[in-house]
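All chains are named by letter (A, B, ...) in the order of the sequence lines, taking the proteins before the strands, and each is independently numbered beginning at 1.
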Amino acid sequence: MPQSLAGSSLIQSPGGDRTNDFVVKFANVNGSGSASANLLFARSIIRMGVPVVARNIFPSNIQGLPTWYEVRVTEQGWRGARGGVDLMVAMNPQTWDKDVNGVDPGGYLFYDSTKPMPASKFRPDITVLGVPLTAICNRAYTDSRQRQLFKNIIYVGALSALLDIDPAVIEALIAEQFKGKDKLIRPNIDALHMGRDYALQEFPCPLPLKVRAADAVGDAIFVDGNAAAALGAVYGGATVCAWYPITPSSSLAEAFQRHCRRFRGEGEQNKYAIVQAEDELASIGMVIGAGWNGARAFTSTSGPGISLMQEFLGLAYFAEIPAVIFDVQRGGPSTGMPTRTQQSDLLACAYASHGDTKHVLLLPEDPNEAFEMGSLAFDLADRLQTPVFVMLDLDIGMNEWLCRPFAWDDNRRMDRGKVMTREMLEAGIDFGRYLDVDGDGIPYRTYPGTHPTRGSYFTRGTTRDRYARYSEEGPVYIDNMERLLAKFETAKTLVPAPVERAAAEPTGLGIVYFGSTAAAMDEALVTMAERGIHADTLRLRAFPFSDAVADFVRRHDTVFLVEQNRDGQMRTLLVSECDLDPARLVSIRHYDGTPITARFIVGAIAAALPDLNVVPLRKAVP
Amino acid sequence: MTFITKPKFHHPKLPTNRLGYTRRDYEGAVSTLCAGCGHDSISAAIIQACFELDLAPHRIAKLSGIGCSSKTPTYFLGASHGFNSVHGRMPSVLTGANLANRDLIYLGVSGDGDSASIGLGQFAHSIRRGVDMLYIVENNGVYGLTKGQFSATADKGSLSKRGAANHDEPIDLASMALLLGASFVARSFSGDKEQLVPLIQAAIRHKGAAFIDCISPCVAFNNHPGSTKSFDFVREHNEAVNRLDVMVDHAPIAAQYGPGELVEVTQHDGTVLRLRKLDADYDPRDRGAAISYLQQQAAKGEVVTGLLYVDPESADLHDALSTVATPLNSLDDAALVPGAKALDKVNASLR
Ligand SMILES: Cc1ncc(C[n+]2csc(CCOP(=O)(O)OP(=O)(O)O)c2C)c(N)n1
Ligand code: SF4
């Protein structure tokens with residue numbers, strides 16, 4: 001690269017060798033096309049056999065606003081965000097100061113030095129890597145969009161040299177990405193090398209932060225939870241999707257459309273129906289109508305949508321209609337933090353609607369489980385004839401996670417639950433829509449149109465007797481409500497069981513957690529154990545809670561319950577549903593909207609231990 | 001209030017239709033509505049229409065919202081599956097049901113409160129989506145079930161039973177349905193069975209969103225002199241634009257009427273709608289003209305009834321979505337689940 005290109009600079013600072021263990025954060029402007037370049041960066045490291053944790057951080061989906069993308073390179077295969085930044089790729093002047101301040105001491109700052117920044121804009125304890133990206137682009141390209149897009153590839157190229165990422169891997173990824181649009185491959189590879197060459201020439205490459213090929217990825221896949229859940233819906237046999245756009249759940253319905261186009265076409269004809277409804281009331285209404293009529297149907301939404309669906313959810317509970325709701329939780333209440341993650345819809349979903357209601361919740365920990373629970377939800381909804389919520393959150397839904405590959409057993413068949421067929425009716429079997437024939441609280445239903453003279457019934461939200469005849473008699477009402485409770489007991493035996501893990505040493509300490517917290521928890525446990533804090537853990541995977549959950553709590557002196565909301569909603573649910581002594585459950589709450597980290601969990605638990613006067617005491621923790 | 005089943009006694013000499021059903025087979029439970037309520041006349045018209053159309057009752061799904069009108073599905077088609085949903089939200093439930101099984105006939109019954117107030121959005125969107133259904137609003141200008149509040153279809157200046165004047169502009173659901181692209185729009189009157197029965201028949205045979213706004217006086221709260229939805233008012237101000245015969249499975253015989261007197265419209269399913277025009281200029285295939293005609297007559301205080309608009313080339317939501325002919329609710333694992341091999345390919349593409 002000719003020296004005339006202004007502004008290259010390298011200000012040295014100390015820093016140890018961090019091979020396969022560091023965090024790179026990209027600060028970009030939304031709409032600049034950086035997302036695919038950043039993804040390319042992350043995927044190239046995965047291709048080298050080194051696991052990454054990738055997180056999008058975006059305040060809002062509007063052009064021009066700042067976005068961040070964080071890539072944690074972790075040969076140990078940690079699944080959670082780490083916190084802190086070792087190399088900041090500062091491409092957004094708007095967030096410059098914040099980004100510079102976010103770098104850990106001894107870290108690096110990478111920026112576009114076409115207009116060099118004065119030394120006062122940096123920090124003495126970090127190393128600055130200035131690459132005149134704009135100048136390089138302006139030389140090579142005349143078209144403004146090209147300049148914009150290739151600038152991103154150029155910085156990926158520069159980073160590949162700085163971090164020792166194999167360019168052949170990136171080239172292969174580019175070739176795959178533009179397969180079919182082959183004309184774009186060469187220019188992208190050229191841009192990559194422009195950045196690479198510049199860095200190789202100007203800086204002592206690689207930095208102490210570097211990637212070394214390893215074999216730590218195995219057969220893991222890199223996928224976001226919304227796409228995974230939507231694929232689960234395809235495998236679960238969903239044919240009707242009614243949805244209304246809302247961050248962070250929109251990409252779930254869009255992914256369902258994509259998967260269906262791929263798997264469910266029949267010539268020009270579709271074996272699915274997707275309707276973008278006018279609002280969430282209509283979307284859940286359509287799901288209920290379709291479920292009533294025997295199709296597997298779902299909607300995807302987020303907190304505000306859940307709020308709107310309340311009346312209908314009560315109807316589906318009471319009239320006993322299968323429905324699947326994917327709730328990709330974001331920061332609440334109200335509009336809250338639309339692009340931040342939380343687990344704060346638990347109570348709103350568990351008890352959705354007025355009157356005495358209880359709903360089944362599934363709590364996936366990552367995209368793999370989002371797929372599994374995404375398909376299971378339809379079996380459960382049909383078997384239990386009730387709404388089933390798959391409780392994702394933004395962190396799982398919108399971020400790509402490295403996780404176990406999807407698996408499917410071809411012997412598995414859709415479980416349509418108790419449906420009385422024409423033949424059964426013909427055989428004279430007594431049909432009472434709300435009759436508890438098997439003692440499990442689950443009645444038989446018929447699909448509309450089954451038989452000319454038998455099996456029809458009236459579905460309504462008003463109370464009725466076992467034969468679906470309208471009646472507001474007290475005993476009839478109570479009979480029905482008690483049966484619904486019996487059905488909820490049955491649900492305990494059908495939903496995924498919690499996952500228990502014993503600590504390496506006997507301990508009176510327990511930790512309960514669920515959902516996206518699992519990623520950070522694995523790492524937190526190791527860190528705590530290194531510091532002498534041992535805890536048994538239980539990962540919740542569903543509501544209603546199986547008896548094992550209450551057992552676990554009762555077996556331990558103190559149980560930490562880690563969740564991502566302000567009010568300890570899961571704690572409330574556990575205390576009230578399992579009749580537990582609240583004093584035994586200590587809340588650890590993380591709810592600033594960022595993904596929970598191991599650092600946070602360890603810090604919070606260590607801080608709580610001395611107050612609780614349980615061994616080990618704080619002195620075990622630095 | 002409990003549910004009263006009608007005794008199932010069949011007189012051996014009751015006439016049967018082509019499927020062997022008697023009219024009684026299309027009835028439901030005994031109505032618990034006020035004696036004389038217009039809604040009961042509409043139920044009777046539905047019963048007659050379905051009997052005469054030779055429809056198998058169990059192949060009809062009847063859905064409603066909440067209100068006196070929405071209770072009526074209990075009182076007809078007792079062998080059909082029914083669904084009383086929540087207030088104003090029948091259209092979405094019907095839409096979902098229709099998506100699940102395109103082979104049934106969908107009958108949506110609603111009130112003017114249900115459809116023009118709380119449910120206006122769902123009404124509008126189900127119409128514009130072209131859901132294949134007959135959507136009937138039993139329009140009495142009041143909330144019957146909650147005892148006499150004005151609904152959004154009450155005319156400005158009309159009086160409630162207690163003498164209060166309505167100060168809001170009315171929503172004309174028939175005009176709205178036209179604007180929203182309904183491919184069949186009619187208005188009728190519960191007291192005019194001769195007009196209503198063929199309209200219901202034509203609407204059922206129609207493919208796509210068929211809407212009937214049926215004026216249905218509420219004898220308890222809106223059948224007094226100050227009301228513009230009372231029985232007497234509608235009788236006096238009714239202007240029927242045409243008379244309709246529905247010919248099912250018949251070749252059209254057009255010759256015997258002079259030009260200008262008869263319009264024949266052949267629908268997708270082969271039914272022929274014969275419209276004898278009472279108003280010489282009225283062409284029910286002209287959406288724009290229908291809208292302006294309704295407006296002009298409304299300005300004169302006339303309630304226009306009849307088949308206001310029909311599009312014989314209509315399409316429905318399934319056409320728009322290109323769904324397979326097999327009802328979605330009967331597709332099995334083989335049709336729906338891509339299987340382990342396909343999943344391996346997905347996995348491979350994510351590495
Ligand atoms: C969410 C909700 N709000 C209010 C009601 C109370 N409500 C029941 S029926 C009704 C009005 C029904 O009026 P209309 O649809 O005109 O039917 P009509 O009884 O006149 O036939 C109302 C407001 C309700 N059931 N649900
Ligand atoms: S209150 Fe009015 S609408 Fe309701 S049943 Fe009585 S007459 Fe009919």
Value rounded to 0.5 Å, distance of [atom1] in [X] from [atom2] in [Y]:
X: A:Asn293; Y: B:Leu328; atom1: CG; atom2: CG; result: 10.0 Å
X: B:Thr74; Y: A:Arg469; atom1: OG1; atom2: CZ; result: 14.0 Å
X: A:Phe458; Y: B:Lys62; atom1: CZ; atom2: NZ; result: 5.0 Å
X: A:Tyr470; Y: B:Asn84; atom1: OH; atom2: CG; result: 10.5 Å
X: B:Arg89; Y: A:Ile288; atom1: CZ; atom2: CD1; result: 11.5 Å

By salt bridge (Lys or Arg N to Asp or Glu O under 4.0 Å) - contacts of A:Asp379 (at least two apart): A:Arg296, A:Arg412

Donor-acceptor check, side chain of [X] to backbone of [Y], threshold 3.5 angstrom: yes or no?
X: B:Asn347; Y: A:Phe406; answer: yes
X: B:Asn101; Y: A:Gly294; answer: no
X: A:Arg47; Y: B:Arg351; answer: yes
X: A:Asn270; Y: B:Thr323; answer: no
X: A:Arg460; Y: B:Ser85; answer: no

Based on non-hydrogen pairs under 4.5 Å, which of [options] is most in contact with chain A?
options: B:Ala100, B:Ala97, B:Ser330; result: B:Ala97
options: B:Ala325, B:Gly78, B:Ser322; result: B:Ser322
options: B:Leu94, B:Val86, B:Thr95; result: B:Val86
options: B:Ser80, B:Gly121, B:Pro57; result: B:Ser80
options: B:Val93, B:Leu99, B:Leu331, B:Ile66; result: B:Val93

Please identify, among [options], the residue contributing the most non-hydrogen atom pairs under 4.5 Å to chain B.
options: A:Arg464, A:Glu268, A:His451; result: A:His451
options: A:Ile284, A:Thr446, A:Val287; result: A:Thr446
options: A:Leu402, A:Val223, A:Thr453, A:Leu315; result: A:Leu315
options: A:Ala295, A:Ala277, A:Gly285; result: A:Gly285
options: A:Pro405, A:Pro452, A:Ala273; result: A:Pro452
options: A:His259, A:Glu400, A:Arg262, A:Glu176; result: A:Arg262

Please classify the contact between [X] and chain B as side chain, backbone, both or neither, with a heavy-atom cut-off of under 4.5 Å.
X: A:Thr450; answer: backbone
X: A:Asp409; answer: neither
X: A:Tyr272; answer: backbone
X: A:Val234; answer: both
X: A:Ala242; answer: neither
X: A:Ile46; answer: neither
X: A:Arg413; answer: both
X: A:Ala220; answer: backbone
X: A:Phe222; answer: both
X: A:Leu173; answer: neither
X: A:Ala227; answer: neither
X: A:Ala282; answer: both
X: A:Val217; answer: neither
X: A:Arg454; answer: neither

So for atom CG, which belongs to A:Asp215, do other residues, nucleotides or ligands contribute more than 12 heavy atoms lying within a distance under 6.0 Å? no

For the CZ atom on B:Arg59, are there more than 12 heavy atoms of other groups (residues, nucleotides or ligands in this structure) within a distance under 6.0 Å? yes

For A:Tyr434, the side-chain hydrogen bond (donor to acceptor under 3.5 Å, both in side chains) test, sequence neighbours excluded, returns none

Would you mind checking which part of [X] comes under 4.5 Å of any heavy atom in chain A, side chain (CB onward), backbone (N, CA, C, O), both or neither?
X: B:Leu63; value: side chain
X: B:Asp103; value: neither
X: B:Pro73; value: both
X: B:Leu104; value: side chain
X: B:Ala56; value: neither

Decide, yes or no, whether a salt bridge links B:Arg128 with A:Glu278 under the criterion of side-chain N to carboxylate O below 4.0 Å. no

Only pairs at least two apart or in different chains count here, so list each ring-ring contact (aromatic ring centres under 6.0 Å, His included) that has a residue in residues 76-106 of chain B. A:Trp292-B:Phe83, A:Tyr457-B:His81

Residues of residues 334-343 of chain B with a heavy atom under 4.5 Å from any heavy atom of chain A, in residue-number order, are B:Ala335, B:Leu336, B:Val337, B:Pro338, B:Gly339, B:Ala340, B:Ala342, B:Leu343

Give me the atom names and distance for the closest heavy-atom approach of B:Val324 to A:Lys271. CG1-CG, 3.7 Å

A:Phe312 vs B:Ser92, side chain to side chain contact (heavy atoms under 4.5 Å, CB included): CA-CA, chis, key distance, verdict: CA-CA 11 Å; A:Phe312 252 142; B:Ser92 63; 3.7 Å; yes

Carefully, step by step, assess A:Val275 and B:Leu321 under the rule side chain to side chain contact (heavy atoms under 4.5 Å, CB included). CA-CA 9 Å; A:Val275 177; B:Leu321 296 173; 4.2 Å; yes

